[in-house]
Every structure is written in C-alpha cells, then in structure tokens.
Amino acid sequence: MTKKIYFLIGVLVLIILVTAVICRQSQKVVVSPIEKDLTAEEESFEQDINELEELSQDTSLDDLEEGLTEITEEKPVSGTPETEKIETVSIENLESELASELSSFSDDLNDLGELEGDTSLDNLDTRLSGISE
Amino acid sequence: MKTTMKNFTKIISGLALSAILFGVIGLSGVSAQTLKQKDEAAKAEYNQARQQYLNEVNLYKSARQELLNAKTKYQQLKNVENKEAVEDAARNFLEKAVNSLIKRLETIKNWVANRRIISESEKQTIIAEIDQDIVWLQERLPGIQTASAEGIKEEAKEIREYWKNHRVRVKRIIGQIEAARINFLLTKVESFSAKVGEKIQELKAAGKDTSQLETRLADFNSKLALAREKYEAAKAKFQAISSLADVQQLFREGHQFIVQANQYIRQAHAQLVKIVAEMKKMGQEVAVPTGETSEATSTD
C-alpha cells in the first residue's frame, strides 16, 4: 500500500515537471529573423568594444623600452669600484727601527770609547822597567 | 679506597699535564727571545767581563804596591830573605799584569763576540786577532811563575815589548770595531731606501703628488752616500795604525770620521721622519681602483 502511494507521488512530480518545461518553451518570444540578426550584431559589437577597451588598457609591455635599452646599450657599473689599499705602516716601522738602531749605536760608541780610553794599565811600562833593569 | 685512588690519579695527571704545558710555554718563550732581549743579554755579559777586568786591575795595583813595599824593605835591609821577597813580589806583579792584559783583551773580545751588530766575517777576523794575543800572554804565565831572578827580568822585558805593541793593536782593533759597527748600521739603512722608493711609486700610481717625497728620498740617499764615504775614510785611518808614533792621531781622525758618518745617518733619519709624516698626510690608506667590470653583450 505504501509503495503504491510513493509511486503515484513520483509519477505526479514527473508530470508536473514535464508540464512546466512545455509551458516555458511555449512562452518564448518569437523573434523575427531580422531582429535576430540585429541582436547578434549588437552583441558582437559590444564584445568588440570590450575587447578594444581591454587592449587599450594593456600594460604588459610597458617596460619593453627599458628592456630593449638594456640590450642595445652598455650599462655602466653600479656601486663602488674594487679597491686595494696602500699601507704605509711598514715605512713607519722602518723609521722606528732606524731610531732604535741609532740609539743603540750611540751606546755602543760610548762602550768602545771607554775601552779605548782605559788608562788602568798606562803605567805598566814604567813598572816593568823597574823590574827589567 | 677506590674513590680515593681515582681522585689521586686525577690530581697527578693534572699536575703532570700542567708541568708539560708550562715547560712547553717556557721553552717557546726562550726561543722567542726578542732582538732587544738578546742585545741586553750581550750587554750584561760584556759588563760582567769588564768588571772581571777591573777586579784584575785592582789585584795588579795591589801587587804593584806590594812590590814597591818589598823593594823598600830590601833597600833598608839587603838580606836573602828580603831579596827573595822582592823576587816573589816581582813574579806576582808580572803575573797580575799579564792577567790584567788578558782580561782586557777578553773584555774587547766579549764586546764583539756577543753582538749581532757586526757582520760575522768582520767579527771572526777581529776575534782571531785578539785570540792570538791572549794565547801569547797565557803562554807567558808558567814561565813567570817559575822564573829565576834573571828570568824575571827577561820576562819583564818581553812583556814590556809586548805592551808597546798591545796598545797599538788594541787601538786598531777598537777602531776596526767602530768601523764594522757603523758599516752594519749603514748597510741596514741603505736597504730601507729601496723600500721607501717602492712605497712612493705605489702612491704615485694611485694618483698622489709625490714630488716632495721624491725630493726627500733623494736627500735621504745623498746623506747615506756621504755617510758611506766617511765610513771608508775611517776604515782606512784605522787600518793605517801600526806604531806608537801615530796611533793617537790616526785613531782620533778615524773616530772623527765615524762621528761624521753617524751624523749623516741621523740627518737621513730626519728625512725619513718627514717622509713618514707626509705619507700619513696623504692618508695611510689610499683607495686604488684595481679595474672596472663591464657587461657589454652582442645584440647580433
């Protein structure tokens, strides 16, 4: 019994659907061939206008000039050049070394002066003559 | 017990490692002695040798006084005992005189031997000459100690003759040392000239105006050339020392040339100080472009 009821409802829904489709189709306005063509032309025109508008607003190649410039012209180096530095500290060290050597030389000359000027044994000759004669 | 042994082992290991570490550091410290430290050590050794000489001179003076006293006593009483006392005093005096001469030569030898500031070849020449004299004097000592009355006189004559030559030789040797010493200094400074010249060229290549530096370097070199002339003149004077007659004059003239050479080197040093100051003004570091990179590419 229940099955039958469901079956009947299903058939009913189907009938309603089919009826609705048929009704809709029958409500379409009938357009004349000329009007049809005109409509198609309008649509096509609108489409073209839209496309042209898109084209006019296209920015995809805005940097083309720069790119072409990079290719055709030599580009100068950007940033600071590589450098090496000349040190002069080594010459300062030479000067210090010379100052030290001159000081050392003065000391040495004094030492040698003491040795040369030593008179401790100067009277040796007289003393020896007292023994040998 | 086990824990105690473990701790004990750790402590011993730690101490052993520390000892090895300090040993290594100490050795490396010794081997890394600076030139200044070596110079100071050489100086200390020389001062020690000099002090030994002065001590020997004091003994010589005491021996001389004892000889005078013994002679006076013998004059007052001419007996065998006093005569022998005079002979003993004479032997002692001769021995002390010879020891003093040896110590004097050893002092000079010590001065030369331990210094780095004389070339090795000159050092060896001087030391060889000194050693000859030392050997001769040392050979006299046994004869003096056993000399008879007549023998003492002969020994005294020989030493007296030696003493005349000794004074000439010592002055000549000291002159040679002075010349060798300034030659060492001069040679070193002359080697600086090339390095300074190279540095000036570097600055010139970097675009700096180095005309003043070049003038100073030229003056530096001319001073060194004059110093070199004075050194050669001094060397010639010292080499000419051969007799007592001219030793004083020749030594004095040679020494004066050494002093003049030293003054010229000091003047060269003064120029070097100015060169350094000017280089500092230019900037210790000058940026020198080493080369530009390019990115040119073909468009064909």
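Chain naming here is simple, since letters A, B, ... match the order of the sequence lines and numbering starts at 1 in each.
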| message | Only pairs of heavy atoms separated by less than 4.5 Å count here; which of H166(B), E150(B), R266(B) has the most with chain A? | response | R266(B)

| task | Go through E154(B), H269(B), K157(B) and name the one with the most non-hydrogen pairs under 4.5 angstrom from chain A. | result | H269(B)

Any side-chain heavy atom of [X] within less than 4.5 Å of one from [Y]?
{"X": "L124(A)", "Y": "L101(B)", "value": "yes"}
{"X": "E178(B)", "Y": "E116(A)", "value": "no"}
{"X": "S120(A)", "Y": "E56(B)", "value": "no"}
{"X": "L115(A)", "Y": "I177(B)", "value": "no"}
{"X": "F192(B)", "Y": "E97(A)", "value": "yes"}

Between [X] and [Y], does any side-chain N to carboxylate O distance fall below 4.0 Å?
{"X": "K164(B)", "Y": "D125(A)", "result": "no"}
{"X": "R115(B)", "Y": "D108(A)", "result": "yes"}
{"X": "D111(A)", "Y": "K43(B)", "result": "yes"}

| query | Which region of S100(A), side chain (C-beta onward) or backbone (N, CA, C, O), has a non-hydrogen atom less than 4.5 Å from a non-hydrogen atom of chain B, or is it both or neither? | reply | neither

| Heavy-atom contact with chain B under 4.5 Å, split by part of S90(A) | side chain

| task | Give, as side chain, backbone, both or neither, the part of V196(B) having an atom under 4.5 angstrom from any heavy atom of chain A. | result | both

| Where does R160(B) contact chain A at under 4.5 Å (heavy atoms): side chain, backbone, both or neither? | both

